[in-house]
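Inspection log for the structure reproduced underneath, given as structure tokens.
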Number of protein chains: 2
Amino acid sequence: MGQEAKPPYFLGIDLGGTNIKAGVVDRAGKPLSRADLPTHAEKGPVEGVQRICQVGRQAIEKAGLKLADIHSVGVGSPGPMDLKRQIIINPHNLPGWVNLPLAEKVGKELGLRAVLQNDANAAAFGEYWAGAGRGVNSLVQFTLGTGIGCGVVINGVILEGEHSHGAESGHIRIALDRPRYNATGLYGSLEAYASAKAIVERAQESMATGWRSSLENILARGEELTAKDVFDSAAAGDPLGEKLVEETAFYLAVGAVNLMHVIDPNVIVFSGGMIAAGEMFLERIRYHVRRNALPVPAAETLITYAQLGTDAGFIGAAGCAQSKFATSRS
Amino acid sequence: MGQEAKPPYFLGIDLGGTNIKAGVVDRAGKPLSRADLPTHAEKGPVEGVQRICQVGRQAIEKAGLKLADIHSVGVGSPGPMDLKRQIIINPHNLPGWVNLPLAEKVGKELGLRAVLQNDANAAAFGEYWAGAGRGVNSLVQFTLGTGIGCGVVINGVILEGEHSHGAESGHIRIALDRPRYNATGLYGSLEAYASAKAIVERAQESMATGWRSSLENILARGEELTAKDVFDSAAAGDPLGEKLVEETAFYLAVGAVNLMHVIDPNVIVFSGGMIAAGEMFLERIRYHVRRNALPVPAAETLITYAQLGTDAGFIGAAGCAQSKFATSRS
């Protein structure tokens, strides 16, 4: 437990298709503990809720606290969900978890007030509260993974939308001509061009049309190509790798520009595994943003990387609990 | 003056590059009067402010009221502007009106509290308050003219953005491959494809590449081609006209879908001269929205036309005055 930490404490849970991560945070969003377990989503939602609560209890214990010390709990989950009804509908990577009132189930099991939030929204709220957006008024975050998640926070409030589809901005359409589809079957989306999965697909397509690349060696060894391989090849001077990374920076800049021309936030944050590519990649994104945005937002909007790593999800989920249950008292 | 109208009354002004329109509205956003004058922007901002106030006084008189009956005034103006400082910076169609504290000038001249708002934001707020969005929680409006304006209202609050560039969504990028530029020099924007100006350009480009069309007759007469001509030709069965109208519906649907995947509003409203194309055109936009949005927003989001016509600007500007100055009293 942190030396200066004082109650109230909030429990945050970040539910994913593969792992459940949890942590206890203080009123400033500082983590006092971390715990995780595999989700085993295939075992179904009843056992799933038990495991979520198990990870939560582990996090509380690791923080040197008791359940009675916890003010409330927030749960971040993959969508689609109905935030007004606080249920998850049928998440792609939680098969069989259908129309599940996740906040109610977890809250009842732990004896705590509980709130459900979209995972990308929760991660954005984490960075807003305690990370790259600390102190700003509004933030847009893109989480770059197999897909592209997005979260928007304005004046401390998550943009949930009227049908829980606020900030589903991996699905904004940026290119109409080329038939690149994403998992939803919609073509031309940001996700279809700039997700980790899309980068691998674009590499394979380029090689299929005659590009020579050091990436061919990976395929020749029978290994699976990853987005990291593409970034590594670019760092080593592979021309195809360099081309793909530069194009990815451009696509992400277009995503940023489009959100700047809708939300006009103080800061655009990129998070997820891809930011391991480092400062050079961020500079290329910034370059394309400056060239493609209107002059004022181009000059004024901070474009940066996330700071909380994989903690952002549970920190933000805990922050949602604080926002919902602890705003007018301490 | 409306029979059932009761104070407070608000004055709304809609400043354009060509005309100034004003009206008095009641607390429900109902217009009691309308007045207008040419802007004569070229005569500069000092005379401009005088003319704005002249139109405002005419509207008050036409409503059978006196200046003392008016609670406060809202002014909608073309941007760019700095809403925090309440100044217009250098609007393209108000040349020489630079860094002008328009609200302060108008307010001082009339002796009323005054607020400045972006014209497209004001029009969106008008429809939200008293038109197509009456009773909903959130609205996105696209105003289709020479350019494409946009306004977003969430929970009764205009999305102004941190740098007064909220909802500059005519400038979202929807196509990356084709070098179609708009007035800002940014290529591939919604405005570069679907504004009235872009429709005419696309018609001319198609004819230049060999399309035969009844539109050639207009050019042969030495007349200037308009977007209305294109819509009229489509209605008369001209194949090029039909193609251009269908493509325009698709582009506007992509704009709507992108805002649905960021804001997720209750309703998307299209306004401006182009909606004279009627219900068939709206149905084509709806068709493409349903095919290109995620399932929940595709099913739940109302796509409709504006209801207030050219009154929306002054009604919304008056509504901004009410929001700012009359929220906690009557």
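Note on naming: letters A, B, ... go to the chains in the order of the sequence lines (proteins, then strands), and numbering restarts at 1 for each one. Just so you know, these numbers use all the heavy atoms, side chains as well, and skip hydrogens, waters and symmetry mates.
- Of the listed residues (A:Ser164, A:Ala293, A:Pro265), the one with the most heavy-atom contacts under 4.5 Å to chain B is A:Pro265.
- In this structure, A:Leu159 and B:Val262 approach most closely via the heavy-atom pair CD2-O, 3.4 Å.
- With a 4.5 angstrom heavy-atom cutoff, A:Ile154 touches chain B only via side-chain atoms.
- In terms of heavy-atom pairs under 4.5 Å with chain A, the best-connected choice from B:His163, B:Glu300, B:Met260 is B:His163.
- The candidate from A:Asn266, A:Asp82, A:Val257 with the greatest count of non-hydrogen atom pairs under 4.5 Å with chain B is A:Asn266.
- Chain B forms more heavy-atom pairs under 4.5 Å with one residue of A:Val254, A:Asn292, A:Val152 than with any other, namely A:Asn292.
- Of the residues A:Thr301, A:Ile263, A:Leu294, the one that meets the side-chain contact (heavy atoms from CB on, under 4.5 Å) test with B:His165 is A:Leu294.
- For chain A, the nearby part of B:Leu259 is the side chain; its heavy atoms alone come within less than 4.5 Å.
- Remark: the backbone N or O of B:His171 is paired with a side-chain donor or acceptor of A:His261 at under 3.5 angstrom.
- Identified by a heavy-atom distance below 4.5 Å to chain B, the contributing residues of residues 282-291 of chain A are A:Arg291, in residue-number order.
- A donor-acceptor contact shorter than 3.5 Å links the side chain of A:Asn258 to the backbone of B:Arg173.
- Taking 4.5 Å as the heavy-atom cut-off, the residues of residues 130-140 of chain B that approach chain A are B:Asn137, B:Ser138, ordered by number.
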